Amino acid sequence: VLPSAWQASSRCHAGMEAAAESLRVGQLYPSAPSQMARTQTTRLLVPWLLVCEQEGNLIKLGLFSSHTRNCFQIGQSVSAMNHVLPPQFTSMFAQLQDQAPSSPLKDIEPIFQEDFGRPVSEIFSEFDSVAVASASIAQVHRAKLKDGTVVAVKVQKPDIRHQVPWDLACYRLLVYLFEKSFDLPLYWTCDDVCENISREVDFREERKNTERAKKELEGAVPNVYVPKLHPELCTKRVMVMEWIDGVKLSDQKKIQEMGFSVSTVVTTMLSAFSHQIFLTGNVHCDPHPGNVLVRKDPNNPSKHQVVVLDHGLYVFESNEFRREYAKLWKAMVLLDTEELKRICTSWGFKDHELFASIQLLKPFHSSHRSVINHKTTRKDVLQLQLDAKARVRDMLSQTHLIPRELIILARCMNILRANNKQFGAPVNRVAVMARYAARGAALDEGVSEFRGMKRYKAIMSGFVVSMHIWLIGVVFHASQAWKKVNFYFGNKNALGFEESLEKQVKETLEHKLGFRVSTGSLG
C-alpha cells in the first residue's frame with residue numbers, strides 16, 4: 001500500500017505544479033480578478049486532480065490510480081460543479097458516475113458463495129462477466145434468473161467494507177487539517193457525512209430505502225418509477241432488481257430521439273426529488289445522471305418515464321426540519337423577511353439574505369431589488385477576498401444550531417441544479433421546488449382542519465404563493481422567448497431569465513463573500 005501511495009503522491013505533486021503554472025498564466029481562468037483568486041483556486045482544485053498532459057490552452061486531466069471510495073466521491077462531486085469549474089473538468093469526472101474501474105468476475109464470485117451458500121451458476125441461468133456500470137462501492141451486472149427474468153445484479157466490490165472505515169478515517173484527518181490550516185469550522189460535519197456513507201455499505205439499508213421510495217413516489221409524482229426488487233436475492237452485499245432499459249438523464253440526444261422534450265423530463269426529475277424534500281422527508285441525496293434513467297413508459301410509449309436508481313445515500317429529515325425548510329422556501333417566495341429571519345436565526349445563520357441565496361442557488365434580496373447597484377471595483381474584490389474567510393467563519397459561528405440534515409441535503413440540491421444546468425437550464429428550478437414547498441407548508445398547517453378566519457387566511461396564503469410562482473413562470477417564459485427572438489435577429493448577447501439570475505448571483509457572491517465565478521456558469 002505504501003509504495004502505491006508514494007507513487008500516487010509523486011504523480012499528484014507533479015500534477016499540482018503543472019496545474020498551478022497553468023492557472024498562473026491564466027489558461028483556465030483568464031477572467032480571474034487577481035493573482036490571489038488563481039492561487040486560491042489552485043489550492044482548492046489541485047488536491048482532487050492529476051494532470052496528465054497539456055494540449056494547447058486546455059489541460060487534460062486523468063483520474064487517480066487509487067480506487068478508494070473517497071477519490072470517486074470527490075470526483076462525482078467535481079462533475080456536479082459546473083457552476084465553478086469549466087466543462088473540461090466536469091465532463092471528464094462525470095465518468096465516475098457509473099464508469100469507475102470494475103472488479104473481475106473471479107473476485108466477486110466468492111461474495112455470492114458467502115452470502116447465498118451457492119455459486120453464481122446455481123442462482124442465475126446467465127450472468128454477464130463484464131459489469132455494465134461501476135461506481136465507488138458496487139458494480140452492476142446483467143443476468144437472467146432461472147425462470148428467464150432479466151435482472152440487474154448490484155454486487156459490492158471485494159473488501160469495500162474493510163476499506164471504507166480507513167477511507168473515512170483519512171477523510172476525517174483531511175477535514176481536520178483543512179480546518180486547522182484555514183481556520184474554518186468544518187470538522188463538525190464529519191460525523192453525519194461518515195454515518196451516511198457507512199450506511200451505503202449495507203445494502204439492506206438500500207433495500208429499505210428503495211421499497212420506501214417506490215411507495216412514496218409512484219402514483220404521487222407522475223411519470224416516475226422505482227425498479228422492483230427481488231427480496232429473496234438481496235443481502236448485505238448483493239441486490240437483485242428488475243432490469244431497466246433506459247438512457248442516462250444527461251444524454252440529451254437520445255432523450256430527444258425518443259420523442260421527449262428535455263424540459264418535460266427535467267421537470268419530472270425535479271418534481272420527484274422536491275416531493276421527497278418537502279413532503280415525505282426521505283430524500284435520495286445522490287441524484288447524479290448515472291442514477292436517473294429515462295425511458296418510454298411501458299404502458300404508454302408516448303409518455304416518458306424517469307427511473308430513479310441507487311437508493312443508498314439518503315437523508316431522513318425530522319418532521320420539524322421538513323416543516324421549517326418548507327416554510328423557509330415559502331418565505332423566500334413571498335419575500336417574508338420576518339419569517340426568513342426567524343428560521344435563519346433559529347438555525348444559527350445571521351445573514352438571512354446570504355443563506356437564502358445559498359439555498360436557492362439564486363440571488364435573494366429582501367429589498368425587492370434584484371441587482372446590487374454598488375459597482376465593485378478591482379480593489380474592492382481584492383479586499384473582499386481578504387475578508388472572505390472571516391465572513392464564512394462568521395456565518396458558521398453557531399454550528400451547534402445548524403440542522404444536520406442540511407449537510408447532505410446541500411449535496412442533493414447542488415446536483416439537481418447541475419442536472420438542470422447541463423441542458424442550458426430549460427426549467428425554472430426555483431418555481432418547481434417552491435411549488436412543492438408551498439404544498440409542504442400547507443400540509444403542516446393542516447388547512448383542511450382549520451375553521452373560520454384561520455382557514456380563510458391559510459387558503460389566501462396558499463393562493464398568494466401560487467400567484468408568486470405563476471408570475472415567476474410568466475417572467476421566465478417571457479425572458480426565454482425574448483432571448484430566442486434576439487438570437488434569431490443576430491443578437492447573441494441577449495440575456496434570458498436564467499442568465500440574468502446568473503449575473504445577479506455572481507454580483508451577490510462578489511458583494512457578500514468576494515467570490516467570483518464565471519458568468520453563465522450557474523443554473
Side-chain angles (χ1 to χ4, degrees), residues 1 48 64 66-78 80 96-98 100-103 107-108 110-111 114-115 133-140 154-179 186-213 229 231 234-239 241 276-277 281-288 290-291 308-318 321 399 402-415:
V1 174
W48 300 342
F64 285 117
S66 169
H67 293 176
T68 66
R69 162 80 181 166
N70 285 345
C71 287
F72 290 115
Q73 282 292 87
I74 291 173
Q76 289 174 354
S77 297
V78 171
L96 291 184
Q97 293 167 359
D98 59 3
S102 60
S103 300
D107 289 345
I108 65 170
I111 294 177
E114 293 170 9
D115 284 20
S134 178
S136 54
I137 283 180
Q139 58 196 55
V140 178
K154 181 177 180 178
V155 57
Q156 195 172 107
K157 292 183 176 179
D159 298 325
I160 196 71
R161 56 183 173 177
H162 304 300
Q163 180 181 323
V164 165
W166 288 99
D167 283 352
L168 294 180
C170 291
Y171 169 77
R172 286 180 178 273
L173 176 61
L174 288 172
V175 174
Y176 176 80
L177 293 175
F178 194 93
E179 179 178 274
L186 295 171
Y187 194 78
W188 62 276
T189 65
C190 282
D191 287 343
D192 290 271
V193 171
C194 292
E195 179 184 350
N196 279 280
I197 291 178
S198 297
R199 280 204 298 260
E200 281 192 89
V201 182
D202 189 346
F203 287 177
R204 293 172 299 185
E205 292 295 323
E206 182 174 348
R207 172 187 168 182
K208 294 177 184 176
N209 296 339
T210 303
E211 292 172 341
R212 185 187 300 112
L229 297 177
C234 293
T235 69
K236 189 174 182 179
R237 294 184 293 174
V238 179
M239 280 187 66
M241 66 200 80
Q276 290 186 320
I277 293 169
N282 305 310
V283 188
H284 186 311
C285 287
D286 199 15
H288 63 72
N291 288 340
V308 184
L309 308 173
D310 194 356
H311 298 261
L313 183 60
Y314 261 63
V315 65
F316 303 102
E317 301 171 343
S318 66
F321 172 81
T399 57
I402 300 176
R404 293 318 190 241
E405 292 94 333
L406 285 174
I407 299 171
I408 305 297
L409 188 60
R411 167 189 170 90
C412 175
M413 298 292 279
N414 184 51
I415 297 177

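This one's a predicted model, so the numbers in the text were calculated from it and none came from an experiment. Computation of the quantities below employed the complete heavy-atom set of this structure, encompassing side-chain atoms and omitting hydrogens, waters and symmetry-equivalent molecules.
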Check your understanding: Quick one: which of V193, L313, V315 gives a side-chain contact (heavy atoms from CB on, under 4.5 Å) with R411?
Key -> L313

Check your understanding: Mind checking whether Y187 and T399 have side chains closer than 4.5 Å, heavy atoms only?
Key -> no

Review point. Are the side chain of K154 and the backbone of F203 linked by a donor-acceptor contact shorter than 3.5 Å?
Key: no

Review point. Nearest 0.5 Å, what's the CG-SG distance between D167 and C194?
Key: 10.5 Å

Check your understanding: Taking all atoms of both residues into account, what is the closest heavy-atom pair of I111 and V238, and its distance?
Key -> CG2-CG2, 4.0 Å

Exercise for review: Please answer whether the main-chain N or O of V201 pairs with a side-chain N or O of Q156 as donor and acceptor at a distance below 3.5 Å.
Suggested key: yes

Point to revise | Spacing of SG belonging to C285 relative to CD belonging to E405, to within rounding of 0.5 Å | key: 10.5 Å

Review point. Between CG of L186 and CG of L174, what distance do you get to the nearest 0.5 Å?
Key: 12.0 Å

Revision key, fill the gap. G290 and L309 have their tightest heavy-atom pair at O-CD1, 4.3 Å

Review point. To the nearest 0.5 Å, what is the distance between CG (D192) and CD1 (I197)?
Key: 11.0 Å

Practice item. Could you tell me whether R172 and D191 make a salt bridge, using a distance below 4.0 angstrom between a side-chain N and a carboxylate O? Key: yes

Point to revise | Short side-chain donor-acceptor distance under 3.5 Å, K157 and S102 | key: no

Revision key, fill the gap. Applying side chain to side chain contact (heavy atoms under 4.5 Å, CB included) to D202 and not counting sequence neighbours gives R204, E205, K236

Point to revise | Euclidean distance, L406 CG relative to C412 SG, rounded to 0.5 Å | key: 12.0 Å

Practice item. Keeping the roles fixed (side chain from N291, backbone from P287), state whether a donor-acceptor pair exists under 3.5 Å. Key: no

Check your understanding: Looking only at atom types and distance, does a side-chain atom of E317 sit under 3.5 Å from a main-chain N or O of N282, one as donor and one as acceptor?
Key -> no

Review point. Going by atom types alone, do D159 and H162 pair a side-chain donor with an acceptor below 3.5 Å?
Key: no

**Study point:** Test log, rule side-chain contact (heavy atoms from CB on, under 4.5 Å), inputs L173 and F178
**Key:** CA-CA 8 Å; L173 176 61; F178 194 93; over 6 Å; no

**Study point:** Salt-bridge present (R199, E206; N to O < 4.0 Å)
**Key:** no

Review point. Counting only N and O atoms by type, is there a donor-acceptor contact under 3.5 Å from the side chain of R237 to the main-chain atoms of T235?
Key: no

Exercise for review: Using atom types as modelled and distance alone, determine if a side-chain donor or acceptor of S134 lies under 3.5 Å from a backbone N or O of P101.
Suggested key: yes

Exercise for review: For the residue pair Y314 and H284, categorise the inter-ring angle as parallel (less than 30°), tilted (30 to 60°) or perpendicular (more than 60°).
Suggested key: tilted

Review point. To the nearest 0.5 Å, what is the distance between CG (L168) and CD (E195)?
Key: 11.5 Å

